[in-house]
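As structure tokens, the structure follows; a few thoughts come after it.
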Amino acid sequence: MYKKSVFLFLLAFTGMAVSAQIEMDQDLMQNIEDSTKSLTSNIALKDIKAGTLDAKELAEMFAKVEAFYTQKGGADDAVSLAKKSRELSLQVGQDIVTRNFDHANEIATTMSKTCKTCHSIYKKDA
Amino acid sequence: MDSNNNRRNFLKTAGAGLGGLAMGGFLPGVGFLSAAEATTYADPLAPKPPQFPAKAKAVIWLHMNGAPSTLDLYDHKPDLIKLSGQEIPASFLKGIKTSTQGGVGKLLATNRTWKQYGESGAWFSDLLPNLAKQSDKLAFIKSSVTVGATHNISILKLNTGDVVPGRPALGAWITYALGSGNPDLPAYVVLSSGGRGLEGGSVNYSSGFLPAVYQGTPFRLGASPILNLDRPELMTAAQQRDNLNLLKKLNEHRNSRYPEDTELQARSQSYELAYQMESTAPEAVDLTKESEATKALYGIGEKETNDYGTNLLRARRLVERGVRFVHVVSGEVNGVRDWDAHNDIEKNHAAQAKGVDKPIAGLLADLEAHGLLESTLVVWTSEFGRTSYGQSGTGRDHNPWGYTQWIAGGGIKAGYTHGATDEVGLQIADKDTAVDTYDLHATILNQLGLDHLKVTFINKGRSERPTVVFGKVIKELIA
């Protein structure tokens, strides 16, 4: 599990290196939604282990979204918002590790709002 | 005695109740209690302190059922008047899906006249002459947004924060977090004014996954607000008390075997509450002792405003008696069942506005006269707004992309306007100013002394909060 977490964490940092065959489907969006809810819960429960894992998984998924829209082209807003979400999820992970749960809560909420902003622009694709 | 009982007894004998649990990690909001525990440890409706000093004690939630066109009430758009009858320029449609019903008609301006009122200079149309005179009490949110295109979905989101049933309504969260302000009355009351009623029904005032004791209690119009509340004629008060005592013992016995059954706990609680309410509820909604001037203020006695005015005066009386959350649903006026004006908006809005204008203006004035406005949040809200382009030639379609709501009282910055829509009033002008239902909920909770991020409840192992994973307090709205 630890190795997987480290892998996901590194992958998040190197999101742009995701395969050129990247696909983005409804499952990915559903997984992001599920992980976001799980993250929110784990921050409130102050569960460092589970919250950190959620944040890392989200970073990886946002990297996929970022790569998808980069590859697709003509979707600068989506690339920018996915990048912002990836960075926010990493920030949440750091806040959880340092037990700064209040800040993690605020940043996670900002991340959710960023998702919503993206959906309002790209709802046909979402 | 098992360890759970020891712990429970310790808390009770320490006089700690829920307050004591806060020391162990529970607070309304921090709540690490399961549904069963929340109703077992102490009276779940016992008053609980806010998390920080509150500006407001109660909420009157004025749901304009069917979704009014705020373009025809508050959001004056000279360009819409100029462009009326023309196709909407494509630039205004960028980023939205308009496939709700009937496609996009031509831009439509109705036969309104507009005027600015008060020191704030807020615009009101001729449909709201009485409310306009209260303009300086209001804080407008002209950048309201939501999701969904159908009434039942968006009403559910307005009340519960989600588009599928199962989550607690805002009133239930507030009752859970603050408890009751009057043990003889429900903490959360729903007043309907006839007509179409709430689409989706009771899920809109449900306690969701919270213990059932926190759900809203519907009151009917008329002298007997709660069905079957009166004691049967052939039963004495002593007999009724004996019956209830026996029932309570039997329920407690059953409940000891199934402590997670919050429905049973809520039912037991409701028997006691109903017993207490036999005398208090009729008095709370009895308007006979109100002066004729007060009744006239609310439009009571006038055909179009009698029912809604009666409900609003009852709302004031309920808030006065410690009820936390009063949800008032607008109703039928002159045969028009709600604000849903897909066609003939002139007739629809003339009737609906007539039905609410005087009562709401009266409510604001009366709350102020009773010294209650500063501690009561009055929220004028709807599931969405209506489009600036027409539908059916004479109506407007649903608009979740930009509409107006307002709040008054409870520490809100009166006279302030937050955000704006575009030149024709279709979408919000600046997405950074968007106020979604979650943000409205977060701001209301904030005024009640509650941090929406910390009003939590454990449901099936997951910590849940009123604003799901969203929500932002709109600080600009706070005085």
Side-chain angles (χ1 to χ4, degrees), chain A residues 29-51 53-55 58 61-62 74-78 80-81 84-85 88-89 92 95-96 100-126, chain B residues 25-27 29-34 51 94-99 143 145-149 157 161-164 167 209 400-402 427-428 430-439 441-442 451-474:
Chain A
M29 285 299 162
Q30 187 61 53
N31 289 340
I32 288 175
E33 185 178 339
D34 292 344
S35 292
T36 302
K37 287 180 176 172
S38 176
L39 174 67
T40 302
S41 171
N42 286 321
I43 292 170
L45 295 170
K46 301 186 178 178
D47 186 332
I48 294 175
K49 187 178 174 185
L53 184 60
D54 286 334
L58 279 164
M61 288 188 279
F62 285 127
D76 292 348
D77 286 341
S80 172
L81 290 166
K84 182 181 176 185
S85 294
L88 288 171
S89 56
V92 171
D95 285 338
I96 292 172
N100 192 352
F101 294 107
D102 284 351
H103 194 247
N105 221 345
E106 288 174 17
I107 298 296
T109 303
T110 303
M111 186 183 75
S112 300
K113 191 169 183 179
T114 307
C115 289
K116 189 176 266 296
T117 302
C118 197
H119 290 177
S120 74
I121 301 170
Y122 295 94
K123 55 172 69 72
K124 285 179 184 173
D125 296 323
Chain B
F26 175 84
L27 242 168
V30 188
F32 299 122
L33 286 181
S34 69
Q51 295 165 343
K94 189 181 175 188
I96 62 173
K97 284 173 86 173
T98 56
S99 56
S143 50
V145 296
T146 187
V147 296
K157 179 170 177 284
D162 206 351
V163 295
V164 292
R167 292 191 65 85
F209 46 71
W401 313 292
Q427 297 195 56
I428 59 171
D430 178 357
K431 289 193 186 299
D432 289 339
T433 64
V435 177
D436 207 323
T437 47
Y438 315 102
D439 307 317
H441 291 184
D451 180 347
H452 72 103
L453 299 173
K454 295 180 177 175
V455 175
T456 58
F457 183 83
I458 309 297
N459 177 43
K460 296 176 183 170
R462 176 167 285 186
S463 176
E464 299 279 1
R465 73 181 202 226
T467 48
V468 196
V469 296
F470 300 104
K472 177 185 170 189
V473 175
I474 308 300

Check for a donor-acceptor pair, side chain of S41(A) on one end and backbone N or O of S463(B) on the other, with a separation under 3.5 Å. yes
Side chain of S112(A), backbone of F470(B): donor and acceptor closer than 3.5 Å? no
In terms of heavy-atom proximity below 4.5 Å to chain B, should T117(A) be classed as side chain, backbone, both, or neither? neither
Are K113(A) and D436(B) close enough for a salt bridge, meaning some N to O gap below 4.0 Å? no
In sequence, state the C-alpha distance, the side-chain angles, and the governing distance for T456(B) and L45(A), and then conclude on side chain to side chain contact (heavy atoms under 4.5 Å, CB included). CA-CA 10 Å; T456(B) 58; L45(A) 295 170; over 6 Å; no
Do V147(B) and K116(A) come within less than 4.5 Å of each other through their side chains, counting heavy atoms only? yes
Show, in sequence, the C-alpha distance, side-chain angles and deciding distance for N105(A) and R465(B), and conclude whether the side chain to side chain contact (heavy atoms under 4.5 Å, CB included) test is met. CA-CA 12 Å; N105(A) 221 345; R465(B) 73 181 202 226; 3.3 Å; yes
CZ (R462(B)) and OG1 (T40(A)) are apart, to the nearest 0.5 Å, by 8.5 Å
Which bit of K472(B) is near chain A, if near means a heavy-atom gap under 4.5 Å: side chain, backbone, both or neither? side chain
Check step by step if side chain to side chain contact (heavy atoms under 4.5 Å, CB included) holds for L453(B) and T109(A). CA-CA 9 Å; L453(B) 299 173; T109(A) 303; 3.6 Å; yes
Measuring heavy-atom distances to chain A, does V468(B) have an atom under 4.5 Å in its side chain, in its backbone, in both, or in neither? both
Side chain, backbone, both or neither: which part of D102(A) has a non-hydrogen atom closer than 4.5 Å to chain B? side chain
